[in-house]
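Note that the structure is a prediction, hence the values are computed from the model and not measured. One-based numbering, in listed order, for ligands and for the atoms of each.
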Amino acid sequence: MTIWYGGDYNPEQWPREVWDEDVTLMQRGGISLATVGVFSWARLEPRPGEYDFAWLDDVLDTLHAGGIRVDLATATASPPPWLAKRHPETLPVTEEGVRLAVGSRQQYCPSSPVYRDRARQLVTRLVERYAQHPALELWHVNNEYGCHVSHCYCEVSAAAFRTWLEAKYATIEELNRAWGTAFWSQHYDAFDEVEPPRAAPSFRNPTQLLDFDRFSSDELLACYRSEVEVIRATSEVPITTNFMGFFKPVDYWTWAREVDIVSDDTYPDPADPLSAPYAAMVRDLMRSLGDGAPWLLMEQSPSAVNWRPQNAAKAPGQMRAWSYQSVARGADGILFFQWRQSAAGSEKFHSGMVPHGGTDTRVWREIEQLGGELRRLSGDQVGLEGSRVPAQVAIALDWDSWWALEQPASPTNVSYLETLFAWHHALTSQGVTVDFVRADGDLSGYRLVVAPAHFVATDAQLENLASFADSGGTLVVGFGTAITDEHLHVRLGGYLGEPLRRTLGVWIEEFAPPAAPDLRAVGGGAAPSVALDGEVLGGSAAGSIWAEYVRVEDAATVATFADGALAGWPAVTRRGGDASAAWYVATLPEPDALRHLAARVLADAGVELPPAAATGANLEVVRRGELVFVINHGAEDAELLLEGTDLLTGHPSQGAKLHPQGVAVIDGMQRLG
Ligand code: GAL
Ligand code: ZN
């Protein structure tokens with residue numbers, strides 16, 4: 001067992017003699033796993049049906065001889081230009097009707113039978129040839145499904161959408177009912193009248209949009225499945241496809257069941273001070289998607305990327321600190337894009353593990369250092385890989401809600417992710433580890449579940465959340481929850497609906513989000529906010545994004561709106577006894593206030609805050625298995641307070657200094673203590 005270390009390896013960009021040097025350097029850098037062939041289709045099949053595997057044989061043999069394992073990609077993410085030349089209908093079409101061209105990458109329509117068939121033929125050959133290759137560790141299907149093209153509006157996709165709708169609704173009248181086509185003269189007489197939601201004069205039908213989001217995620221999944229089927233027929237080697245953190249177009253809950261190991265690509269912006277806590281949330285999602293099983297960080301950048309308008313380099317030590325963040329939060333492997341920085345092509349200014357400047361460089365030294373450390377942390381003696389990250393707190397995450405809440409013609413301009421992140425950050429900044437869960441999943445292992453903005457709620461989800469609270473769990477429901485059912489039909493009779501109304505003891509009469517006059521919104525300025533007051537928020541505070549008229553039936557009002565028409569109305573309510581409770585929060589309190597509230601809720605739930613691990617601000621503390629990881633994301637030195645041994649230095653941890661970007665992996669708190 002080892003903590004994997006490596007990256008995307010695209011040697012076809014380099015002359016043969018460089019490959020030997022690559023392997024020598026990989027050995028020096030502690031590299032154990034190379035992802036090969038991600039964008040190699042044009043090289044593997046230069047003309048339709050004419051395959052050239054000799055070079056890939058050489059790559060795999062060379063790596064194998066050097067003791068490097070291989071994550072072999074199926075190479076289907078970017079079809080060669082000949083496919084579009086012969087089958088222009090495989091090119092995707094945007095909602096405005098623009099057909100995207102060759103010359104970049106990922107130019108395929110996910111519904112195209114021609115694309116899928118060609119992809120399967122290639123995968124069949126690859127599996128025949130390499131299933132038994134001794135270097136093979138993992139199959140890497142396609143790449144970042146949906147990254148550039150997640151929704152296709154071409155005629156082929158339109159037909160596939162109709163088939164999908166017919167399977168779902170059976171009759172056109174059922175579709176009419178679900179989509180609410182009685183409004184705006186949208187009634188359909190037959191399935192062949194239905195189109196994807198292409199660019200239209202005004203708001204498109206919301207349920208049509210939502211179904212198209214669901215369909216588009218499913219179509220990509222069908223592409224994945226069609227390749228997996230070919231691989232599984234011959235090979236028992238585990239299969240993954242790389243996810244992209246909180247990637248809106250693809251419902252990873254559904255996907256995660258079909259990968260053998262969850263893997264993720266994350267590129268936090270080094271220039272954004274919130275990147276570390278945001279990335280922490282991404283890592284927590286990856287662990288949660290696999291039900292707590294270890295996952296792989298499949299791609300991150302050694303330093304700068306090249307696709308932002310401004311591409312900050314990672315600070316010295318930052319790559320290492322963020323890598324340990326992944327390991328702390330459950331990753332059993334740290335990989336990069338890409339091994340050797342390109343000399344040509346679209347990503348030549350994206351950092352590589354071996355930079356343009358070669359090995360006498362900061363980036364390479366940091367790569368080598370981390371490789372050595374991870375090697376020393378690997379193995380049974382430390383017991384890191386395979387170990388779990390315990391969590392007593394979970395946040396409910398739901399793609400339907402994300403898709404629907406951010407549609408136009410809604411009460412306010414909510415960012416679903418920003419709302420989740422606010423809660424996640426409020427909890428993790430107190431040292432609490434947070435999982436993500438499905439609202440209808442098994443919640444029994446948690447003391448606290450937070451459901452922010454769970455806009456689209458099925459009956460089963462509502463029953464599950466309510467029964468969690470009714471059976472002694474502490475539940476927090478945030479604004480914008482359970483407004484509609486799964487067809488986006490409003491739950492009538494007061495927002496929130498049963499059974500949450502009973503569990504929380506409140507219902508919502510009207511939305512009244514804080515608004516800014518349009519002129520200010522256009523000119524920027526502060527986000528519109530509303531004043532709040534309550535001891536649970538630490539006194540006076542501001543709320544943003546959402547506000548509403550909350551009607552209390554059987555709950556205590558513990559914070560109120562403090563100005564405007566809402567003055568005196570409940571902003572936060574609590575129903576419950578001394579132990580567990582059910583909370584409702586009708587706005588998004590500013591960060592300090594939310595942290596205050598989260599602390600109060602954690603106390604309700606009986607979640608003990610861990611003892612302070614170190615002095616200082618912006619520290620991240622996570623327990624994984626027997627180890628405690630402390631990462632200093634702040635600008636000041638911190639002093640470790642925990643007793644034990646820092647496995648990275650071999651010295652006692654207590655009293656040791658942690659510099660900015662410094663990391664400690666503390667052992668012995670239980671084993672020695
Ligand atoms: C990913 C992609 C890689 C590379 C990387 C650059 O989205 O999978 O191939 O392009 O971004 O940051
Ligand atoms: Zn299409």
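When only modelled atom types and interatomic distance are considered, S78 and Q106 share no side-chain donor-acceptor pair under 3.5 Å. For N306 and N311, the side-chain atoms include no donor-acceptor pair closer than 3.5 Å. Looking at Y267 and E299, their side chains do bring a donor and an acceptor atom within 3.5 Å of each other.
In this pair, W399 and Y252 present their aromatic rings perpendicular. The plane angle is above 60°, beyond the 30 to 60° band.
For the Zn ion (ligand 2), the set of nearby N, O or S atoms under 2.8 Å includes one belonging to S157.
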Under a 3.5 Å threshold, I'd like every N/O contact between ligand 1 and protein atoms, with atom names and distance.
residue	atom	partner	partner atom	Å
ligand 1	7 (O)	E144	OE1	2.3
ligand 1	7 (O)	E144	OE2	2.9
ligand 1	8 (O)	N143	ND2	2.8
ligand 1	8 (O)	E144	OE1	3.2
ligand 1	8 (O)	E144	OE2	3.2
ligand 1	8 (O)	E299	OE1	3.2
ligand 1	8 (O)	E299	OE2	2.8
ligand 1	9 (O)	R105	NH1	3.0
ligand 1	10 (O)	R105	NH1	3.1
ligand 1	10 (O)	R105	NH2	2.9
ligand 1	10 (O)	E347	OE1	3.0
ligand 1	10 (O)	E347	OE2	2.6
ligand 1	12 (O)	W307	NE1	2.8
ligand 1	12 (O)	H350	NE2	2.8

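Rounded to the nearest 0.5 Å, atoms CG (L136) and CG (L63) are 12.0 Å apart.
For R340 and W14, the positive end sits near the middle of the six-membered ring, less than 6.0 Å away and at most 45° from its axis.
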